[in-house]
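What you see below is based on every heavy atom in this structure, not just the backbone, and it leaves out hydrogens, waters and symmetry mates.
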Amino acid sequence: MTSQDAPHILVIDDDPAFNRVLTRALAQRGFNVFGAQDPETALDLARAHEPEYVVLDLNIAGSSGLRLIEPLLAVNPDCRILVLTGYASIATTVDAIKLGATQYLAKPADVDAILKALHATDVIISEEEMASSPMSVDRLEWEHIQRVLTENEGNISATARALKMHRRTLQRKLAKRPVKE
């Protein structure tokens, strides 16, 4: 396969170090990779290269990456979009899939897991999310916070106001994930 024939992957993540490392690792595996750190650049690159795959961060500079799914699919309806996030929740997983993403992974995820998810034909949902036992109170709180965060398009301040919670308290809760059940 020549580099011209290699599939195009667009990596959209506002963390410059993560973006650089992931684009380099994917390029070493034979893909044509383009990295963007903001929505405008991402859409420009998508229009220019019509990627077959997109790795999309859920939170891009305080804004929801989910807003990019529809415009990306408008550029290439066959594009496979993987939403990658440090704030994984069932609510955001469902929202991403409903909007047209094909996969959803929680960070940290290595390149092999990302490639496996991009090529998978079925949505991969972890055993934790499939558990039939009731969620713990901590997990229920986490899911509620994630749902409100999604409703506020990833805006921490607006989410804190909606939850009637101090912004710093919300940030501490987001940094502390619930224990796997």
Counting N and O atoms only, with roles assigned by atom type, does the side chain of [X] sit under 3.5 Å from a partner on the main chain of [Y], one being a donor and the other an acceptor?
X      : Y      : value
Asn155 : Ala158 : yes
His166 : Arg168 : yes
His119 : Leu115 : yes
Asn152 : Gly154 : no

Are Phe34 and His8 an aromatic pair, judged by ring center distance below 6.0 Å?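 His8 vs Phe34: aromatic centres under 6.0 Å.
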If you define the side chain from C-beta out and look only at heavy atoms, does anything of [X] sit under 4.5 Å from [Y]?
X     : Y      : answer
Gln37 : Asp13  : no
Tyr53 : Cys79  : no
Leu82 : Thr102 : no
Ile12 : Val54  : yes
Leu66 : Leu58  : yes
Phe18 : Leu84  : yes

Just do the side chain to side chain contact (heavy atoms under 4.5 Å, CB included) check on Ile9 and Asn32 with the steps written out, would you? CA-CA 6 Å; Ile9 296 182; Asn32 285 318; over 6 Å; no
Is there a path of hydrophobic side-chain contacts, each under 4.5 Å between heavy atoms of I/L/V/M/F/W/Y residues, joining Val111 to Leu118?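 As far as the 4.5 Å side-chain criterion goes, Val111 and Leu118 are connected within one cluster.
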Check the hydrophobic clustering (I, L, V, M, F, W, Y; side-chain heavy atoms under 4.5 Å; chains of links allowed) and say if Val75 and Val33 are grouped together.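 In one cluster with Val75: Val33, no.
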Where is the tightest heavy-atom contact between [X] and [Y], given as atom of each residue plus distance?
X      : Y      : answer
Ala42  : Leu10  : O-CD2, 3.5 Å
Ile156 : Gln171 : CG2-CG, 3.9 Å
Ala36  : Leu45  : CB-CD1, 4.0 Å
Pro39  : Leu68  : CB-CD2, 3.8 Å
Ile69  : Ala96  : CD1-O, 3.9 Å
Ala117 : Gln103 : O-CG, 2.8 Å

Flag for Asp44-Thr41: side-chain donor and acceptor within less than 3.5 Å: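 No pair is found: no donor N or O on one side chain lies under 3.5 Å from an acceptor on the other.
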Would you sort out whether Arg29 and Asp112 count as a salt bridge (charged side-chain N to carboxylate O under 4.0 Å, His left out), showing the intermediate values? CA-CA 10 Å; Arg29 294 181 185 218; Asp112 292 329; 2.5 Å; yes
Option among Val83, Val11, Asp14, Asn19 that satisfies the side chain to side chain contact (heavy atoms under 4.5 Å, CB included) test with Asp57: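 Going through the options one by one, the only one that passes is Asp14.
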